[in-house]
Amino acid sequence: MPKVLFVEDDDKLASLIEKYLSQQGFEVEVIADGSDAPAAVLASRPDLVMLDLMLPGKDGFTICREIRSHYPGRILFLTASEDDMDHVAGIELGADDFITKPIQPRVLLARIRMLLRRQGNQPHSTDSQPRDLSYGGLTIHGVRRAVVLDQEPVSLTASEFDLLWLLASHPEEVLSRDYLYRTLRGIEYDGMDRGIDSKVATLRRKLGDSASMSTRIITVRGQGYLFAPDSWETRNTG
């Protein structure tokens with residue numbers, strides 16, 4: 001039974017979502033005070049954490065920042081704000097997805113199931129999908145979900161790893177934003193959401209790719225992103 005920890009101070013909404021998800025086969029724990037959330041997440045290790053942005057004690061951004069490096073599961077933000085900057089900030093902190101209030105339970109359920117499927121369907125060895133991907137000094141370990149660059153480990157969130165794996169699995173192929181959104185988040189790209197762009201920027205920073213002159217994950221204007229397989233040779237830093 002998948003476990004969901006729901007951090008929400010609106011008692012009516014929390015009760016509605018808890019009842020609905022329980023009927024769908026989930027174990028649900030509700031936390032009303034943001035100050036209690038980090039310890040609860042690390043103690044119970046749920047499969048997914050749903051965070052409201054506006055909470056007493058600690059807000060959703062603060063909670064996400066505190067748990068992300070210690071919690072490997074999925075984080076879904078719930079927000080009443082349609083401000084694109086809030087969404088980008090959440091993604092940059094390591095959230096996997098967000099959903100805007102008012103919440104439609106069936107839509108929420110679909111998003112949760114997709115996030116958990118992505119978490120469960122880790123890359124595995126088949127004829128078409130290797131266990132590891134290796135390009136020059138970059139190695140991406142599919143089963144262990146680990147990344148090594150120039151013999152140094154690179155710390156990525158679950159959603160950052162998913163994006164890198166998807167890009168690296170299609171070398172020299174331009175992947176459109178619409179394809180990335182549908183594959184990684186199960187939604188159509190609306191032309192405004194900057195979540196994927198933000199994650200690409202984070203990947204570039206963590207993987208030593210210049211933001212102004214990217215050569216490893218290349219922006220193809222008006223089309224999407226391209227993973228350049230020949231650009232990962234070990235670089236001298238001394």
Side-chain angles (χ1 to χ4, degrees), residues 1-120 145 155-163 184-187 193 195 198-199 202 206:
M1 181 180 292
K3 184 172 183 178
V4 173
L5 191 147
F6 186 19
V7 189
E8 172 60 67
D9 63 326
D10 183 328
D11 292 339
K12 184 176 181 180
L13 175 61
S15 178
L16 172 67
I17 297 301
E18 179 183 19
K19 181 178 179 180
Y20 180 76
L21 292 181
S22 296
Q23 292 173 341
Q24 302 301 320
F26 290 85
E27 178 185 349
V28 183
E29 178 182 358
V30 176
I31 301 288
D33 193 317
S35 298
D36 299 330
V41 170
L42 299 180
S44 61
R45 312 297 286 188
D47 298 287
L48 180 139
V49 175
M50 291 195 300
L51 289 173
D52 191 15
L53 279 187
M54 303 303 293
L55 292 162
K58 292 182 179 180
D59 61 45
F61 288 144
T62 301
I63 296 167
C64 184
R65 185 183 300 110
E66 291 184 4
I67 68 174
R68 184 71 278 183
S69 61
H70 308 288
Y71 168 68
R74 299 297 185 178
I75 297 177
L76 173 63
F77 270 125
L78 308 182
T79 173
S81 170
E82 295 186 359
D83 187 341
D84 190 50
M85 293 305 297
D86 282 346
H87 299 167
V88 170
I91 296 296
E92 288 180 339
L93 287 172
D96 296 286
D97 202 355
F98 58 85
I99 192 166
T100 303
K101 297 179 179 179
I103 295 170
Q104 301 178 38
R106 289 185 179 180
V107 174
L108 176 63
L109 177 63
R111 300 284 271 277
I112 290 174
R113 284 177 170 166
M114 172 160 288
L115 286 173
L116 295 181
R117 278 200 304 271
R118 278 166 35 199
Q119 181 164 297
R145 295 177 66 81
S155 178
L156 299 181
T157 66
S159 55
E160 290 165 1
F161 180 91
D162 289 341
L163 175 57
L184 295 173
R185 297 177 61 185
I187 59 175
D193 192 332
S198 176
K199 284 198 182 298
T202 300
K206 291 184 176 182

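Owing to the predicted nature of the structure, the values given are computational and were not obtained by experimental measurement. Side chains included, hydrogens not; waters and symmetry mates left out as well; all remaining heavy atoms used.
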Colleague: Which pairs pass ring pair (Phe, Tyr, Trp, His ring centres under 6.0 Å) with one or both residues in residues 42-67, sequence neighbours excluded?
Modeller: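 Non-adjacent pairs meeting ring pair (Phe, Tyr, Trp, His ring centres under 6.0 Å): Phe61-Phe77.
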
Colleague: Can you list the residues that meet the salt bridge (Lys or Arg N to Asp or Glu O under 4.0 Å) rule with Lys19, with sequence neighbours excluded?
Modeller: none

Colleague: For Glu18, which residues count as a salt bridge (Lys or Arg N to Asp or Glu O under 4.0 Å) partner, sequence neighbours excluded?
Modeller: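 For Glu18 there are no salt bridge (Lys or Arg N to Asp or Glu O under 4.0 Å) partners, ignoring immediate neighbours.
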
Colleague: Can you list everything that forms a side chain to side chain donor-acceptor pair (under 3.5 Å) with Ser198? Sequence neighbours excluded, please.
Modeller: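 In terms of side chain to side chain donor-acceptor pair (under 3.5 Å), with neighbours along the sequence ignored, Ser198 is linked to Glu92.
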
Colleague: Name all pairs fulfilling the salt bridge (Lys or Arg N to Asp or Glu O under 4.0 Å) condition that reach into residues 5-16, sequence neighbours left out, sorted by first residue then second.
Modeller: Glu8-Lys101

Colleague: Among all residues two or more places apart in sequence or in another chain, which pass the salt bridge (Lys or Arg N to Asp or Glu O under 4.0 Å) test with Arg68?
Modeller: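 With sequence neighbours excluded, Arg68 shows a salt bridge (Lys or Arg N to Asp or Glu O under 4.0 Å) to Asp96, given in chain and number order.
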
Colleague: Going by side chain to side chain contact (heavy atoms under 4.5 Å, CB included), name the residues that satisfy it together with Thr62, two or more places apart in sequence or in a different chain.
Modeller: Lys58, Asp59, Arg65, Glu66

Colleague: Let me confirm one number: the CE-CZ distance from Met1 to Phe26, rounded to the nearest 0.5 Å.
Modeller: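 If we round to the nearest 0.5 Å, Met1:CE and Phe26:CZ are 10.0 Å apart.
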
Colleague: Does anything in residues 20-29 form a side chain to side chain donor-acceptor pair (under 3.5 Å)? List the pairs, not counting sequence neighbours.
Modeller: none

Colleague: Going by side chain to side chain donor-acceptor pair (under 3.5 Å), name the pairs with one or both residues in residues 102-112, residues two or more places apart or in two chains.
Modeller: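 Output for this query lists Asp97-Arg111.
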
Colleague: CG of Leu108 to CG of Leu16: how many Å apart, nearest 0.5 Å?
Modeller: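 These two atoms lie 10.0 Å from each other.
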
Colleague: How long is the gap from OG on Ser44 to CG on Leu5, to the nearest 0.5 Å?
Modeller: 5.0 Å

Colleague: Any sub-3.5 Å donor-acceptor pair from Tyr71's side-chain atoms to Pro46's backbone N or O?
Modeller: yes

Colleague: Any pair with a residue in residues 89-113 that passes ring pair (Phe, Tyr, Trp, His ring centres under 6.0 Å), sequence neighbours left out, goes on the list, sorted by first then second residue, please.
Modeller: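 As it turns out, the ring pair (Phe, Tyr, Trp, His ring centres under 6.0 Å) pairs with a partner in residues 89-113, which skip direct neighbours, are His87-Phe98.
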
Colleague: Residues in side chain to side chain donor-acceptor pair (under 3.5 Å) with Ser35, at least two apart?
Modeller: Asp33

